Amino acid sequence: MDHNFWKTRWTQNEIGFHMDESHAYLRRFYHRLHVGPGVVLVPLCGKSPDLVWIRRQGARVLGVELSEIAVDDFFRENGIAVEADAMDGFARHRGDGITLLCGDLFDLAGDHLDGVRAVYDRGSLVALPDDMRRRYADHLCAILPADCRILLISYDYDQGEIDGPPFSVPPAEIDRLFGGDFDVELLAGQDALPTHGILRERGLSRLREFACLLTRR
């Protein structure tokens, strides 16, 4: 899976992963991130309404997204006036306390994360195949501030029934990926198949969605 895969999905409007409303787990557990007026990093953010919801809680938002289409759509659809420039190889778009960096997440460095207090990952880890998930976890652990927390939403299903993305990343794998640096707390889990019709149509018979809080040791 490479950059062209995701850029093509956006170009062809194949974005079944996009949600029209903020995620229930974000609304339910956001307070556990202890962000205050700090910054929330949202990797692979797309044009998610979660960005606006987080901003309305008083935090600033730093999103990273590969697709220029997604970034442009976000500001246009939300009626946010935007300023655009370049920063360290990223195309930077800023408006109303929300900054979206268009480029490769793995080019993100600690110097870009001034003020970041938390990470919200709804669809980033589950978008990556097995060999990239370890790289992703190691990258976050290396660049995140020492007191940063992560709210991570993931899926657990029989990977043999369908190909990802989204991939199945159960709690045990999250602990393997992040447990060396973070305490992993399972916050909630539920049957999500009724609300994921596209995955049912692809042949999935069981889907559990869950939320974890990762707290740096």
Side-chain angles (χ1 to χ4, degrees), residues 1-10 14-30 33 40-51 54 63-67 70 104-106 108 118-141 144 149-179 181-182 184-214:
M1 186 179 302
D2 57 19
H3 291 181
N4 288 333
F5 173 87
W6 290 110
K7 289 183 176 181
T8 298
R9 293 284 292 270
W10 281 98
E14 296 175 352
I15 53 172
F17 48 83
H18 175 70
M19 297 175 61
D20 294 327
E21 298 180 353
S22 59
H23 199 286
Y25 281 156
L26 173 64
R27 300 192 301 270
R28 181 177 171 186
F29 297 115
Y30 177 78
L33 292 176
V40 178
L41 172 65
V42 185
L44 306 187
C45 62
K47 58 176 183 177
S48 173
D50 292 331
L51 305 175
I54 292 170
V64 183
E65 170 54 44
L66 190 62
S67 169
D104 191 332
L105 174 68
F106 292 106
L108 198 67
V119 178
Y120 171 60
D121 179 343
R122 184 194 74 82
S124 188
L125 184 65
V126 297
L128 302 175
D130 179 69
D131 60 332
M132 293 187 69
R133 293 198 288 272
R134 168 51 65 188
R135 182 186 175 199
Y136 171 81
D138 289 347
H139 186 61
L140 286 186
C141 290
L144 289 177
R149 294 185 172 201
I150 302 173
L151 177 60
L152 194 156
I153 298 172
S154 189
Y155 298 115
D156 182 10
Y157 68 85
D158 183 354
Q159 192 73 77
E161 291 188 342
I162 65 170
D163 293 326
F167 294 96
S168 176
V169 189
E173 181 174 350
I174 292 173
D175 192 60
R176 287 195 299 271
L177 292 172
F178 291 95
D181 293 86
F182 290 84
V184 180
E185 177 186 354
L186 180 62
L187 298 175
Q190 63 181 5
D191 175 17
L193 195 61
T195 59
H196 289 68
I198 293 177
L199 297 182
R200 290 201 312 272
E201 293 172 2
R202 289 171 58 187
L204 197 62
S205 63
R206 179 187 64 84
L207 177 68
R208 188 163 182 81
E209 185 177 42
F210 59 92
C212 289
L213 178 69
L214 281 60

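In this text the structure is predicted, and so the values were computed from the model without any measurement.
Using a 4.5 Å heavy-atom threshold, the side chains of Arg206 and Asp156 count as touching. Val40 places none of its side-chain heavy atoms less than 4.5 Å from the side chain of Val119. The shortest side-chain heavy-atom distance between Val64 and Leu41 falls under the 4.5 Å cut-off. Here the side chains of Cys141 and Phe182 are in contact, with some heavy-atom distance below 4.5 Å. Side-chain contact between Tyr155 and Val169: absent, with no pair of heavy atoms (C-beta onward) separated by less than 4.5 Å. Between Arg28 and Leu187, every side-chain heavy-atom pair lies at or beyond the 4.5 Å cut-off. With contacts defined as side-chain heavy-atom distances shorter than 4.5 Å, the pair Ile174/Leu152 qualifies. Taking 4.5 Å as the limit, some side-chain heavy atom of Phe106 sits within range of a side-chain heavy atom of Met132.
Remark: the backbone N or O of Arg135 is not paired with any side-chain donor or acceptor of His139 at under 3.5 angstrom. Panel note: side chain Asp191, backbone Leu193; a donor-acceptor pair is recorded below 3.5 Å. Not a single donor-acceptor pair under 3.5 Å links the side chain of Arg149 to the backbone N or O of Leu213. At distances below 3.5 Å, not a single donor-acceptor pair connects side-chain atoms of Asp50 with backbone N or O atoms of Ile54. The backbone N or O of Ala192 lies less than 3.5 Å from a partner atom in the side chain of Thr195, making a donor-acceptor pair. Side chain of Gln159 to backbone of Ile162: a donor-acceptor contact under 3.5 angstrom is found.
Partners of Asp181 according to the side-chain hydrogen bond (donor to acceptor under 3.5 Å, both in side chains) rule, which considers only residues two or more places apart in sequence or in another chain, do not exist here. Every side-chain hydrogen bond (donor to acceptor under 3.5 Å, both in side chains) that Ser124 has, sequence neighbours left out, goes to Tyr136.
In this structure, CZ in Arg134 is found 9.0 Å from CD in Glu173, a value given to the nearest 0.5 Å. With values rounded to the nearest 0.5 angstrom, Leu125 atom CG is found 10.0 Å from Cys212 atom SG. How far CD of Glu209 is from OG of Ser154: 9.0 Å, rounded to the nearest 0.5 Å. Of the inter-residue distances, the one linking Leu151 atom CG with Leu26 atom CG reads 6.5 Å to the nearest 0.5 angstrom.
Scanning all heavy atoms of the two residues, the minimum distance from Val126 to Pro165 falls at O-CB, 4.2 Å. Annotation for Leu128 and Phe167: closest pair O-CD1, 3.2 Å, computed over non-hydrogen atoms. The two atoms that bring Tyr157 and Pro166 nearest to each other are OH-O, 2.5 Å, heavy atoms only. Residues Pro49 and Ser22 approach most closely at CG-N, 3.9 Å, considering heavy atoms. Taking every heavy atom of both residues into account, Ala127 and Gly123 meet most closely at CB-O, 3.2 Å. The minimum heavy-atom distance between Val184 and Leu214, with the atom names listed, is CG2-CG, 4.1 Å.
Between the side chains of His23 and Tyr120, no donor-acceptor pair of N or O atoms lies under 3.5 Å.
Ring geometry, Tyr25 versus Phe29: the interplanar angle falls from 30° to 60°, so the pair is classed tilted.
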Q: For side chain to side chain donor-acceptor pair (under 3.5 Å), just list the numbers for Ser205 and Glu161, CA-CA rounded to whole Å, side-chain angles, deciding distance to a tenth of an Å, and then say yes or no.
A: CA-CA 8 Å; Ser205 63; Glu161 291 188 342; 2.6 Å; yes

